[in-house]
Amino acid sequence: EVGGGWIESSSGNLALSLAVAGNLYGAERVESVVDDTVSPAVERALRLFGTTVIKHPTGRDAIPRSAYTAGRAHEEGLFY
């Protein structure tokens, strides 16, 4: 068991893989920070495996998704 929580700044294969692995290895929670333009199908697939999906705004005034994710990992004590 790994315990704790995991967070990933991705909406692709890595986030989905972490969602599955998190369930298998006992992560308390798995979060995926995705662009607010992510397709509904990808969002449903992530939620299917219990992932908390956090939509991050896109656009030139938005902070980079990876910076937001790193900050959240630090604040929440999540593995990033």
Side-chain angles (χ1 to χ4, degrees):
E1 279 188 40
V2 296
W6 300 349
I7 189 167
E8 172 58 19
S9 174
S10 167
S11 60
N13 292 333
L14 181 58
L16 191 55
S17 298
L18 285 177
V20 173
N23 282 314
L24 289 173
Y25 293 103
E28 292 174 13
R29 71 183 200 236
V30 177
E31 296 183 2
S32 182
V33 181
V34 300
D35 289 338
D36 58 2
T37 58
V38 69
S39 75
V42 169
E43 187 175 349
R44 280 193 307 271
L46 289 168
R47 291 185 192 280
L48 177 67
F49 290 101
T51 300
T52 300
V53 177
I54 301 168
K55 291 190 176 181
H56 184 69
T58 55
R60 75 182 170 137
D61 293 334
I63 64 169
R65 189 176 69 201
S66 59
Y68 171 82
T69 305
R72 184 166 174 81
H74 178 73
E75 291 171 5
E76 298 286 325
L78 300 170
F79 177 75
Y80 171 61

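The backbone N or O of Ile63 lies less than 3.5 Å from a partner atom in the side chain of His56, making a donor-acceptor pair.
Among all heavy-atom pairs drawn from Ala15 and Ser32, the shortest one is CB-OG, 3.6 Å. Taking both residues in full, the closest heavy atoms of Ala19 and Thr51 are given as CB-OG1, 2.9 Å, listed atom of the first, atom of the second, then distance. Heavy-atom minimum distance, Ser9 versus Thr69: CB-OG1, 3.2 Å.
Among residues two or more places apart in sequence or in another chain, the side chain to side chain donor-acceptor pair (under 3.5 Å) test is passed with Asp36 by Thr58. Evaluation of the side-chain contact (heavy atoms from CB on, under 4.5 Å) rule for Ile54 yields Glu31, Val33, Thr52, Tyr68, Arg72 as partners, not counting sequence neighbours.
Contact check for Arg29 versus Leu78: side-chain heavy atoms found under the 4.5 Å cut-off.
Applying the ring pair (Phe, Tyr, Trp, His ring centres under 6.0 Å) test to every pair with at least one member in residues 31-53, sequence neighbours left out, gives no pairs at all.
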- Message: Working note: Glu43 + Val34, criterion side chain to side chain contact (heavy atoms under 4.5 Å, CB included); need CA distance, chi angles, decisive distance, verdict.
- Response: CA-CA 9 Å; Glu43 187 175 349; Val34 300; over 6 Å; no
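Between atom CZ of residue Arg65 and atom NZ of residue Lys55 there is a gap of 13.0 Å, rounded to the nearest 0.5 Å.
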